[in-house]
Amino acid sequence: MILDIFLKGFIVTISLIVAIGAQNAYILKLGLLKQHVGKAVLFCIFSDIFLISLGVFGLGFFIKDNQILINSIAIFGIVFLCFYAFLSFKSAFKNESLKIDDEVKTNPLRQVLTLLFVFTYLNPHAYLDTILLIGGIGANIEDDLKLFFLLGSLSASSFWFITLGFSARFLIPLFKKPITWKILDISIGLIMLVIAYSLLEIIE
């Protein structure tokens, strides 16, 4: 029973977080640039620990019924994602962004963590996935087994972000080609716009 609950948490979580989103796209880019990867991965893992735990222990029901809060987060998220999409499109046409080596200017850690904070905590989809969907499933499990569901979920989150962040460097030879890097930047910009558009559907 315990193993079944653990696997349930792992499978539910991994099936949701592997989808390409703002946070995943940014972690991939940091991995390619070798910029603050460890700290960024830890930020994402601890954020999932915090959000999924809140969901498993019932906070999801509060957020689900607070449409004003959801609307506020969604509006801010739309504005920010559109702005970041613009920056991604702009960087696709800058020669500086086409190199992945020691000469590339490293973004300050504060800037990296700020972007991750926005992608994580000001993105309604993050709450939908972690608190409402994953947490909602975990909240319906018997109290004495919730911890094992949570451990399964957090194992999946840790596995995914570590793999995404530290495996990206194996793609570096491919991304040394200017066209590949341009495609990544443009793809990230498009992803941001798609997510921003999808946020309009949850505003009431």
Side-chain angles (χ1 to χ4, degrees), residues 15-37 39-41 43-45 47-48 51 63 67-101 104-133 157 160-161 163-165 167-169 171-172 174-204:
S15 65
L16 289 171
I17 65 175
V18 297
I20 296 300
Q23 188 186 62
N24 286 344
Y26 190 57
I27 291 293
L28 175 62
K29 189 169 185 176
L30 290 176
L32 289 168
L33 293 172
K34 301 181 183 179
Q35 294 186 1
H36 309 298
V37 181
K39 294 181 179 65
V41 166
F43 178 92
C44 292
I45 291 174
S47 292
D48 272 5
L51 293 173
I63 295 181
Q67 191 59 44
I68 294 178
L69 176 60
I70 293 175
N71 288 348
S72 300
I73 296 174
I75 292 171
F76 184 90
I78 290 170
V79 173
F80 178 81
L81 288 170
C82 288
F83 175 72
Y84 192 79
F86 167 76
L87 294 181
S88 294
F89 292 137
K90 184 178 179 181
S91 68
F93 298 98
K94 284 186 175 181
N95 292 330
E96 306 90 77
S97 68
L98 301 178
K99 297 180 180 179
I100 307 175
D101 53 36
V104 176
K105 180 181 178 181
T106 300
N107 292 320
L109 178 60
R110 179 181 296 181
Q111 177 181 327
V112 170
L113 294 181
T114 298
L115 285 172
L116 282 174
F117 180 88
V118 172
F119 289 146
T120 303
Y121 293 100
L122 297 179
N123 179 5
H125 278 292
Y127 294 101
L128 291 174
D129 288 345
T130 56
I131 294 183
L132 297 182
L133 295 179
S157 173
W160 171 248
F161 285 117
T163 301
L164 182 65
S167 295
R169 63 188 60 192
L171 299 175
I172 288 178
L174 179 64
F175 277 85
K176 282 186 178 292
K177 299 178 181 179
I179 186 62
T180 310
W181 191 255
K182 285 180 178 291
I183 290 173
L184 177 66
D185 275 328
I186 293 173
S187 297
I188 290 175
L190 291 175
I191 290 169
M192 301 303 166
L193 292 180
V194 170
I195 296 173
Y197 179 77
S198 68
L199 292 181
L200 292 173
E201 299 178 357
I202 69 174
I203 297 177
E204 297 181 1

Validation row: [X], [Y] side chains within 4.5 angstrom (heavy atoms):
X	Y	result
F83	V79	no
T120	D48	no
L109	K39	yes

With sequence neighbours excluded, tell me which residues meet ring-ring contact (aromatic ring centres under 6.0 Å, His included) with F117. Y121
Residues in ring-ring contact (aromatic ring centres under 6.0 Å, His included) with F43, at least two apart? none
Can you give me the closest heavy-atom contact between A85 and G189, atom names plus distance? CB-O, 3.4 Å
Write down the atom of I27, the atom of A40, and the distance for their closest heavy-atom approach. CD1-CB, 3.7 Å
Should F89 and L193 be marked as a side-chain contact (heavy atoms from CB on, under 4.5 Å) after you check the CA-CA gap, both sets of side-chain angles, and the distance that decides it? CA-CA 11 Å; F89 292 137; L193 292 180; 3.8 Å; yes
Rounded to the nearest 0.5 Å, what separation is found between the [atom1] atom of [X] and the [atom2] atom of [Y]?
X	Y	atom1	atom2	value
L28	L32	CG	CG	4.5 Å
Q23	L115	CD	CG	12.0 Å
L164	C44	CG	SG	8.5 Å

Residues forming a side chain to side chain contact (heavy atoms under 4.5 Å, CB included) with [X], sequence neighbours excluded:
X	value
Y197	L200
T163	F159, S167
V41	V37, I45, F161, I162, F166
S187	I183

